[in-house]
Amino acid sequence: MTKLKQLLVAVFALTFIAAAPAQAAIGVTTVTAPATIPNPYSIFTINYALNGSSPLASAQLRFYLAATRQGTSNRVLMRSTQILLGRAGTGLYLPPTGTQSASFSYATVQASAQTVLDAAVNACVPQSFYIQVEADFGTPWGDDTLIGTTKLPDFFFTAGTLTPSTITPGGTVSFTADLYTACPVNAPSTIGVFLTDASYNVLSYIGGISVGAGAGTFSVAPTAITFSTAIAPGTYYLVLAADVDAVIAESNENNNQGAFTVQVVASQPLTVQESASDLDSDLPGPVREHIGQYAPTIGYVDGYASMSR
């Protein structure tokens with residue numbers, strides 16, 4: 001090929017490139033998510049806009065729950081969907097113009113996103129996320145939102161043992177208990193210790209055990225209860241009532257009690273001395289109501305029992 005022909009080919013190539021339309025990829029320009037999503041089990045909607053062009057007649061959109069506005073790590077896919085593009089008349093295709101909308105709920109997102117939403121719903125405070133939109137694996141763009149609600153603490157007993165469960169009048173028992181709340185309390189409270197008869201009628205307020213602030217499991221150290229020598233044989237319940245003074249606002253005020261069964265017998269048992277009674281936290285509703293309305297007098301001694309730690 002002569003130098004003249006080489007020059008003509010180069011000029012032709014440059015002319016063709018200059019005449020060809022630009023092929024910018026489909027991109028995301030804006031994303032607007034709700035400021036808060038209190039309940040993702042209900043439908044929530046995001047808005048977004050696209051620009052650019054493509055030689056293909058369709059584009060793939062992906063929606064993520066992400067930790068950052070544009071990062072691709074620490075994110076989970078909510079949905080992937082294909083959209084059709086409009087012909088531009090230049091051999092390229094354009095995305096729809098204006099603001100677009102996409103609606104989601106727990107039931108319509110992928111399983112990995114459902115796991116994240118479950119955790120946010122069950123968290124004690126709203127969780128911060130970015131909802132990202134990504135077109136054809138281009139640069140994602142997102143907007144921040146808070147998912148979930150602020151929740152009150154909820155005290156309930158998870159475990160406990162009283163040993164022994166059968167005594168004679170004047171005998172001593174020792175109990176432990178685990179009190180739990182997933183969401184934190186911001187002030188100390190008191191576990192009330194009651195003695196009731198077999199029908200859960202309150203016979204005595206034995207005393208209170210302090211519980212600190214915070215969340216998680218509060219373990220009650222072994223605590224001794226010594227019964228009066230004059231107590232009549234029969235079946236009794238040693239009832240524990242969390243937040244007995246009602247200083248903590250809780251999401252459920254009706255699950256704060258637990259009870260141990262105590263048998264008082266007239267003569268010393270030989271085979272059941274080391275028997276134990278497990279804490280029963282499934283007390284009947286009237287028991288909760290009666291204990292909840294009972295206003296104990298701290299330090300009151302009525303001859304039934306006394307507590308030492």
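Every value quoted in this text rests on a predicted model; they were computed, and no experiment measured them.
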Worked verdict on Phe63 versus Tyr48 for ring pair (Phe, Tyr, Trp, His ring centres under 6.0 Å)
CA-CA 11 Å; Phe63 302 86; Tyr48 62 94; 5.8 Å; yes
Heavy-atom neighbours of Asn74 CG exceed 12 at 6.0 Å:
no
Heavy-atom distance under 4.5 Å between the side chains of Leu238 and Ile225, does that happen here?
yes
Report the C-alpha separation of Phe227 and Val262 in whole Å, then their side-chain angles, then the decisive distance to 0.1 Å, and conclude whether the side chain to side chain contact (heavy atoms under 4.5 Å, CB included) test is met.
CA-CA 11 Å; Phe227 289 83; Val262 181; 4.3 Å; yes
Taking it one step at a time, do Asp178 and Ser219 satisfy side chain to side chain donor-acceptor pair (under 3.5 Å)?
CA-CA 4 Å; Asp178 287 340; Ser219 294; 2.9 Å; yes
Is a donor on one side and an acceptor on the other found under 3.5 Å between the side chain of Thr36 and the backbone of Leu146?
no
Return the orientation label for the Phe260 and Phe175 ring planes: parallel under 30°, perpendicular over 60°, tilted otherwise.
tilted
For residues Leu240 and Phe157, determine if any side-chain heavy atom of one lies less than 4.5 Å from a side-chain heavy atom of the other.
yes
If I take atom OG from residue Ser189 and atom CG from residue Asp245, how far apart are they, to the nearest 0.5 angstrom?
8.5 Å
Do Asp154 and Thr181 have side-chain N/O donor and acceptor atoms under 3.5 Å apart?
no
Taking the six-membered ring for Trp, is the centroid-to-centroid distance between Tyr180 and Phe155 below 6.0 Å?
no
So which heavy atom on Cys183 is nearest to which on Ala215, and how close?
C-CB, 3.9 Å
Note: Pro222 and Ser174 closest approach over all heavy atoms is CB-OG, 3.8 Å
Would you kindly confirm whether Leu203 and Val193 end up in one hydrophobic cluster when ILVMFWY residues are joined by side chain heavy atoms under 4.5 Å apart?
yes
Student check: side-chain heavy atoms of Arg69 and Pro140 closer than 4.5 Å
no
Apply side chain to side chain contact (heavy atoms under 4.5 Å, CB included) to residues Leu50 and Ile83 and explain how you reach the verdict.
CA-CA 11 Å; Leu50 304 171; Ile83 63 168; 3.6 Å; yes
Inspect the contact between Glu250 and Lys151 and indicate whether a charged nitrogen and a carboxylate oxygen are less than 4.0 angstrom apart.
no
Check the hydrophobic clustering (I, L, V, M, F, W, Y; side-chain heavy atoms under 4.5 Å; chains of links allowed) and say if Phe156 and Phe218 are grouped together.
no
Measure the shortest side-chain to side-chain distance between Leu117 and Ile147 over non-hydrogen atoms and say whether it is less than 4.5 angstrom.
yes
Under 3.5 Å: donor-acceptor pair, side chain of Ser54, backbone of Leu56
yes
Separation between CG of Leu179 and CD1 of Ile191, rounded to the nearest 0.5 Å:
5.0 Å
Hydrophobic cluster membership, with links at side-chain heavy-atom distances under 4.5 Å among I/L/V/M/F/W/Y: are Val211 and Leu152 in one?
no
Gly212 and Val185 have their tightest heavy-atom pair at O-CG2, 3.8 Å
For the residue pair Thr190 / Ser210, report whether a side-chain donor-acceptor contact shorter than 3.5 Å exists.
no
If you count heavy atoms of other groups shown closer than 6.0 angstrom to CD1 of Ile43, is the number above 12?
no
Ignoring hydrogens and angles, state whether a donor on the side chain of Ser103 or Thr45 is under 3.5 Å from an acceptor on the partner side chain.
yes
If you group Ile, Leu, Val, Met, Phe, Trp and Tyr by side-chain heavy-atom gaps below 4.5 Å, do Tyr41 and Leu65 land in one group?
yes
Please name the pair of heavy atoms, one in Pro188 and one in Val247, separated by the smallest distance, quoted to 0.1 Å.
O-CG2, 3.7 Å
Can you list the steps and then say if Val109 with Arg79 is a side chain to side chain contact (heavy atoms under 4.5 Å, CB included)?
CA-CA 6 Å; Val109 300; Arg79 182 192 304 165; 5.8 Å; no
So do the side chains of Thr161 and Ser277 get within less than 4.5 Å of each other, counting heavy atoms only?
no
Starting at CG of Leu162, measure out to CG of Asp278 and round the result to the nearest 0.5 Å.
9.5 Å
Show your reasoning for whether side chain to side chain contact (heavy atoms under 4.5 Å, CB included) applies to Thr176 and Val220.
CA-CA 5 Å; Thr176 63; Val220 177; 5.6 Å; no
Determine whether Leu77 and Trp141 fall in the same hydrophobic cluster, where Ile, Leu, Val, Met, Phe, Trp and Tyr are linked whenever their side-chain heavy atoms lie under 4.5 Å apart.
no
So CG of Asp136 and CD1 of Ile26: to nearest 0.5 Å the spacing works out to 7.0 Å
Check: Tyr64 ring centre within less than 6.0 Å of Tyr130 ring centre
no
Say you draw a straight line from CG of Asn122 to CD of Gln127; how long is it, rounded to the nearest 0.5 Å?
10.5 Å
Of all heavy-atom pairs between Val76 and Ala113, which one has the smallest distance, and what is that distance?
CG2-CA, 4.0 Å
State, yes or no, whether a side-chain contact exists between Thr261 and Ser165 at a heavy-atom distance under 4.5 Å.
no
Any non-hydrogen side-chain atom of Phe104 less than 4.5 Å from a side-chain atom of Ile46?
yes
Distance alone, cut at 3.5 Å: any donor-acceptor contact between the side chains of Thr32 and Asp143?
no
Donor + acceptor pair across side chains of Ser281, Gln257 (<3.5 Å)
no
CG/Asn201 to OG1/Thr196 distance, rounded to the nearest 0.5 angstrom?
7.5 Å
Side chains of Arg75 and Gln132: any donor to acceptor distance under 3.5 Å?
yes
Quick check: do Thr166 and Val265 have side-chain heavy atoms less than 4.5 Å from each other?
yes
Do side-chain atoms of Gln114 reach the backbone of Tyr106 as a donor and acceptor pair under 3.5 angstrom?
yes
Closest approach of Asn252 and Asn254, non-hydrogen atoms and distance?
OD1-N, 2.9 Å
Hey, what's the ring geometry for Tyr237 with Tyr200, parallel, tilted or perpendicular (30° and 60° as the breaks)?
parallel
For the side chain of Thr145 and the backbone of Ala33, is there at least one donor-acceptor N/O pair under 3.5 Å apart?
no
May I ask you to check whether Thr115 and Asp118 show a side-chain donor-acceptor distance below 3.5 Å?
no
